[in-house]
Number of protein chains: 2
Amino acid sequence: MLQTTPVTTEQAPSPADVCSAPPRRHPRPDGQDSYTISEVVAFTGLTAHTLRWYERIGLMAHVDRSHTGQRRYSNRDLDWLDLVGKLRLTGMPVADMVRYAELVREGEHTYGQRRELLEETRRDVLARIAELQDTLAVLDRKITFYSRGA
Amino acid sequence: MLQTTPVTTEQAPSPADVCSAPPRRHPRPDGQDSYTISEVVAFTGLTAHTLRWYERIGLMAHVDRSHTGQRRYSNRDLDWLDLVGKLRLTGMPVADMVRYAELVREGEHTYGQRRELLEETRRDVLARIAELQDTLAVLDRKITFYSRGA
DNA sequence: CGCTTGCTTGGAGCGCACTCGAAGGTCATA
DNA sequence: TATGACCTTCGAGTGCGCTCCAAGCAAGCG
């Protein structure tokens, strides 16, 4: 049950989503593939409430359970949470992320739709960066002004 | 009453806040310095509700009124709204913007505090841009993957 | 005069993304 | 075996940033 090769961010059993191999986002002990919710809290900074809520709304596939019904998160789950964290930073609404999660669960034939969704997000991110750089210019002008004035 | 020189974004009667001269953000007829709320709605894209709310919470200084009590916005008010719009894009909480507005109303002796606040915001914006570029990299890897796969 | 349009106010309501509470089950350690 | 930490569920509550509503006033027009 141990998975030593880099785990895919996707939940689909695709042969090689090696695209998400390099950046291990949160510190994570090696040689382990089963974490309690409080461990995941420590890794991700999310609260246990939020993790359970993500599962309820379908933003995460059903997480494995121990024989007593407690959640046991896999490395794959952690990778997924990393992606969700990134998308959250872009301002993508949770509903859209849920949509993406659904596409992933539906299997490989949704690759096209997934790509579309990500490309739209990409455009949003680029626009967002441009806005922020614009704002940066305004801030710099004002800061310069206040530095001279004071 | 006509103000033909570039108007300052600050409400303080500072001799030369020329720093905010160049970028006229929203289209705005020249040779006029008094706009109804619906004109401001057209310029800024905000709703009248939001404009009145900004005033109630102290995010805008009290706006001039006509003899019948209706709001008459000045170019200076529009400049302020431009700044607020920019700060809003950075994710700055409304409460912080209100704080900044208070500093502006308190006069020139708050220059230092204003600069500090803006510099903190600047740091936030830079961090935000870095995050987004990080996310962009993830998106690009995934998009490439889906393009190859499909 | 009546009608419409646009503005005024204070306060209530909404959507989002969590966040928390209550009641109870499980587990490791002393 | 008992204490306390940690987990479970579902539903209700919170904070933010608006968003809307109802009631009423003022101006312009046929």
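Heavy-atom basis, side chains included; hydrogens, waters and symmetry copies ignored.
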Value in whole Å for how far the [atom2] atom of [N] lies from [atom1] of [X]:
| X | N | atom1 | atom2 | value |
| --- | --- | --- | --- | --- |
| A:Leu46 | C:dC18 | CG | P | 8 Å |
| A:Met92 | C:dC16 | CE | C1' | 16 Å |
| B:Leu51 | D:dC20 | CG | P | 14 Å |
| B:Arg56 | C:dT8 | CZ | P | 12 Å |
| A:Tyr35 | D:dC7 | OH | P | 16 Å |
| B:Arg72 | D:dA27 | CZ | C1' | 11 Å |
| A:Ile57 | C:dC16 | CD1 | P | 11 Å |
| B:Tyr73 | C:dG6 | OH | C1' | 14 Å |

* Asked: Is there a donor on the side chain of B:Arg71 or the base of C:dG6 sitting less than 3.5 Å from an acceptor on the other?
  -> no
Classify the nucleic acid contact of [X] as base, sugar-phosphate or nothing, counting any heavy atom under 4.0 Å across all strands shown.
| X | value |
| --- | --- |
| B:Ser66 | nothing |
| B:Arg88 | sugar-phosphate |
| A:Arg65 | sugar-phosphate |

* Along DNA chain D (nearest heavy atom to each residue), the more 5'-positioned of A:His49 and B:Trp53 -> A:His49
* To do: Report the residue (B:His67 or B:Gly91) whose heavy-atom-nearest nucleotide on DNA chain D is the more 5′ of the two.
  => B:Gly91
Closest to the [X] side chain, choosing from [options]:
| X | options | value |
| --- | --- | --- |
| B:Thr47 | D:dT19, C:dC7, D:dC7 | D:dT19 |
| B:Thr68 | D:dT8, C:dT8, D:dA27 | D:dA27 |
| B:Thr50 | C:dG6, D:dC18, C:dC18 | D:dC18 |
| A:Val94 | D:dG17, C:dC18, C:dC7 | C:dC18 |
| B:Tyr54 | D:dC18, C:dT8, D:dT9 | D:dC18 |

* Does B:Arg52 have a side-chain nitrogen or oxygen under 4.0 Å from the phosphate oxygens OP1 or OP2 of C:dT8? ->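 Indeed, a polar side-chain atom of B:Arg52 lies that close.
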* Report yes if at least one side-chain N or O of A:Thr36 is closer than 4.0 Å to OP1 or OP2 of D:dC7; otherwise report no. => yes
* Please determine if B:Glu102 and B:Arg99 form a salt bridge, counting it only when a charged side-chain N lies under 4.0 Å from a carboxylate O. => yes
* Asked: Salt bridge check: are A:Glu55 and A:Arg65 linked by an N-O gap of less than 4.0 Å?
  -> yes
* Should we say atom NE2 of B:His109 is surrounded by more than 12 heavy atoms from elsewhere, each under 6.0 Å from it? ->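 Yes, because the 6.0 Å sphere around NE2 of B:His109 holds more than 12 heavy atoms from other groups.
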* Structure fact -> Heavy atoms of A:Leu59 and A:Met97 approach each other most closely as CD1-CB, 3.5 Å
* With the side chain counted from C-beta on, respond yes when B:Arg72 and B:Val63 share a heavy-atom pair under 4.5 Å apart, and no when they do not. =>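 No. Closest side-chain heavy atoms not under 4.5 Å.
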* Judged by modelled atom types alone, do A:Asp124 and A:Thr121 share a side-chain donor-acceptor pair under 3.5 Å? ->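 Not at all, the side chains of A:Asp124 and A:Thr121 share no donor-acceptor pair under 3.5 Å.
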